[in-house]
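Notes follow once the structure below has been shown.
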Amino acid sequence: MTGDERGRAAAGGLCLVTGATGYIGGRLVPELLDAGHRVRALARSPERLRDHPWAARAEVVRGDVTDAESLDAALHGVDVAYYLVHGLSAGPGFEERDRAAARLFAERARAAGVRRIVYLGGLTPAGLPPEGLSPHLRSRAEVGRILLASGVPCTVLRAAVVIGSGSASFEMLRYLTERLPVMITPSWVGTRVQPIAVRDVLRYLVGSADMPPEVSRAFDIGGPDVLTYEEMMHRYAAVAELPHRRILRVPMLSPGLSSLWIGLVTPVPRALARPLAESLRHEVVCAEHDIARWVPDPPGAPLAFDRALAFALQRVREAQVTTRWSSASLPGAPSDPLPTDPDWAGGSLYTDHRSTGVAAPPAALWRVVEGIGGEHGWYSFPLAWAVRGWLDRLAGGAGIRRGRRDAGRLRVGDALDFWRVEEIEPGRLLRLRAEMRVPGLAWLEMYAEPDPEDEGRSRYRQRALFHPRGLLGHLYWWAVSPFHAAVFGGMARNIAHAAEQPPAG
């Protein structure tokens, strides 16, 4: 390390975090800040990071790891670059997209003089050739090799199942165990894995920033317990104080069928469940713990599996889940912003307007608006919303069971069932963008406005918008429009009614 590099590191070097809107990235940024680093967060949609508690302390920039120009700008002056981007979709070509993005990132990081790259990959079975791995694990392993060959000192952390509030692995384990006292399961529940607590993953990620330049290699990271998935479910039931679960294994459930089964029982959609299920076919146990030489384990770490579960459950029960697996957009979900220009010339834009007076102040109305979805539901025709959610899951979408990160508060970028929070003006506007599978783009806006003639009353306004894609999009709108009076009209009436009720307690 040169004198200049040592000086930059000692002063709290600049860290670039890619994937900052994702589950790990959204948690890593504040950890780096608290450790004294300066942080630049890269996101395709920076506005989704606006409401994070750490947003004012970090530099947030727009960019994409597949775009060289935006990467050059993001990597300028960076000491440590965190690569936390993964193509979890099992769709055609995802391995090539991951490969191309990693090569570009490695090339631009080397050109920018980055001191170290840190990558979080997947733990793979020892001695198994790449062709024997699941596509998801194979791609993660290949990305690690590309970054190690970049010419920039690189730390590749290889983890198996990450246990933390809101992680996809934890949510899958939680819902499978809680909802099914008797389970017919695929044979992979007997596969041994070495789970790790998310707080240990973050500790290793932060500590990797200070590794000396001669260290450039992969490290296995895991907790102290090696368990089968079946044992993990029994341990979860014990920690959550549930009755003993009966588990019956059958050999004929393929990864595809397993992902359908997971999608039916848990909020994790099929697009994400499949790579998770495929990865669980392999025994993934750490072969070494060399990371402790450079990132020493404090007393009580790595965290035992039962304690990791207890911490995660406590976070869920106290509504202190900072990020969830759904923080990242579902592959294939629309991301276009709402065409706000009144003279927008992008084609047809269908709208459904509703408005009603509310015998309650705007603050009471806003509490209902901000609390919509999840356990509170959508205040209208529950069966119709449930059926739409099931149809979306059958089509490979998110469905309506993603729920909410927090029961009472929303922030831009939050997943909300099969919607994504696109904009919030506290006390006035909530705009949601649909992530359900529809032939077009859809938004739902809800307004809480004061009554100009009576300060004790308010007015609720609601606007549904749909930008159709092709003939199928137009046919879709006209096919569902007869139900709008029941669905959207009932929604406006019931939200107004809920706001008029005295608050519970």
Task: Ile495 and Arg354: CA distance, side-chain angles, deciding distance, side chain to side chain contact (heavy atoms under 4.5 Å, CB included) verdict - done: CA-CA 12 Å; Ile495 286 177; Arg354 307 283 165 174; over 6 Å; no
Could you check if a side-chain atom of [X] sits within less than 4.5 angstrom of a side-chain atom of [Y], using non-hydrogen atoms only?
X: Tyr23; Y: Val198; value: yes
X: Arg174; Y: Val316; value: yes
X: Leu313; Y: Tyr236; value: yes
X: Leu410; Y: Asp406; value: no
X: Val421; Y: Arg405; value: no
X: Leu441; Y: Leu465; value: no
X: Leu16; Y: Leu14; value: no
X: Tyr379; Y: Arg493; value: no

Would you indicate whether [X], at its atom [atom1], is surrounded by more than 12 heavy atoms from other residues, nucleotides or ligands within a distance under 6.0 Å?
X: His234; atom1: NE2; answer: yes
X: Glu455; atom1: CD; answer: no
X: His76; atom1: NE2; answer: no
X: Gln501; atom1: CD; answer: yes

Residues that [X] engages under side-chain contact (heavy atoms from CB on, under 4.5 Å), provided they are two or more places apart:
X: Asp451; answer: Glu453, Asp454, Arg457
X: Ala304; answer: Pro224, Asp225
X: Pro298; answer: Arg203, Ala301
X: Glu423; answer: Arg50, Val412, Leu429, Arg431

Between [X] and [Y] (salt bridge meaning N to carboxylate O under 4.0 Å), is one present in this structure?
X: Glu230; Y: Arg245; value: no
X: Arg404; Y: Asp414; value: no
X: Arg420; Y: Glu422; value: no

Taking all non-hydrogen atoms of both residues into account, name the closest pair between [X] and [Y] and its distance.
X: Ala499; Y: Ala364; value: O-CB, 3.9 Å
X: Ala43; Y: Leu49; value: CB-CD1, 4.0 Å
X: Pro302; Y: Tyr204; value: CG-OH, 3.6 Å
X: Ala159; Y: Ile196; value: CB-CG2, 4.1 Å
X: Ser481; Y: Trp478; value: OG-O, 3.1 Å

Is there a donor-acceptor pair under 3.5 Å between the side chain of [X] and the backbone N or O of [Y]?
X: His376; Y: Gly371; value: yes
X: Tyr119; Y: Arg140; value: yes
X: Asp200; Y: Gly223; value: no

Could I get the full list of ring-ring contact (aromatic ring centres under 6.0 Å, His included) partners for [X], not counting sequence neighbours?
X: Phe488; result: His484
X: Phe105; result: Tyr83
X: Trp54; result: His52
X: Tyr476; result: Phe466

Open item on the list: By the salt bridge (Lys or Arg N to Asp or Glu O under 4.0 Å) test, which pairs, at least two apart or in different chains, include something from residues 358-372?
Closed with: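 Qualifying pairs: Glu370-Arg409.
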Task: Audit row: Asp34, Arg57, salt bridge (charged side-chain N to carboxylate O under 4.0 Å, His left out) steps and yes/no - done: CA-CA 10 Å; Asp34 291 344; Arg57 300 166 59 200; 2.9 Å; yes
Open item on the list: Could you go through Leu32 and Val80, starting from their C-alpha distance and side-chain angles, then the distance that decides it, and tell me whether this counts as side chain to side chain contact (heavy atoms under 4.5 Å, CB included)?
Closed with: CA-CA 11 Å; Leu32 288 169; Val80 181; over 6 Å; no
Open item on the list: Could you check whether Ser355 and Arg459, counting side-chain N and O atoms only, form a donor-acceptor pair closer than 3.5 Å?
Closed with: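 Yes - a donor-acceptor pair under 3.5 Å links their side chains.
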TODO: List the steps, then state whether side chain to side chain contact (heavy atoms under 4.5 Å, CB included) holds for Leu173 with Val161.
DONE: CA-CA 10 Å; Leu173 175 67; Val161 173; over 6 Å; no
Task: Pi-cation contact, Phe305 with Arg235 (under 6.0 Å, within 45°) - done: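 No - Arg235 does not lie over the ring of Phe305 by the 6.0 Å and 45° rule.
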I'd like to check the side-chain hydrogen bond (donor to acceptor under 3.5 Å, both in side chains) partners of [X]; sequence neighbours left out, ordered by chain and number.
X: Ser380; result: none
X: Glu31; result: none
X: Tyr447; result: Glu445

TODO: Using the side chain to side chain contact (heavy atoms under 4.5 Å, CB included) rule, pick out the option among Val118, Val17, Val65, Leu42 that qualifies with Leu84.
DONE: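 Among Val118, Val17, Val65, Leu42, the one that satisfies the side chain to side chain contact (heavy atoms under 4.5 Å, CB included) with Leu84 is Val17.
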Task: Evaluation steps, side chain to side chain contact (heavy atoms under 4.5 Å, CB included), between Phe170 and Leu309 - done: CA-CA 8 Å; Phe170 172 75; Leu309 287 179; 4.0 Å; yes
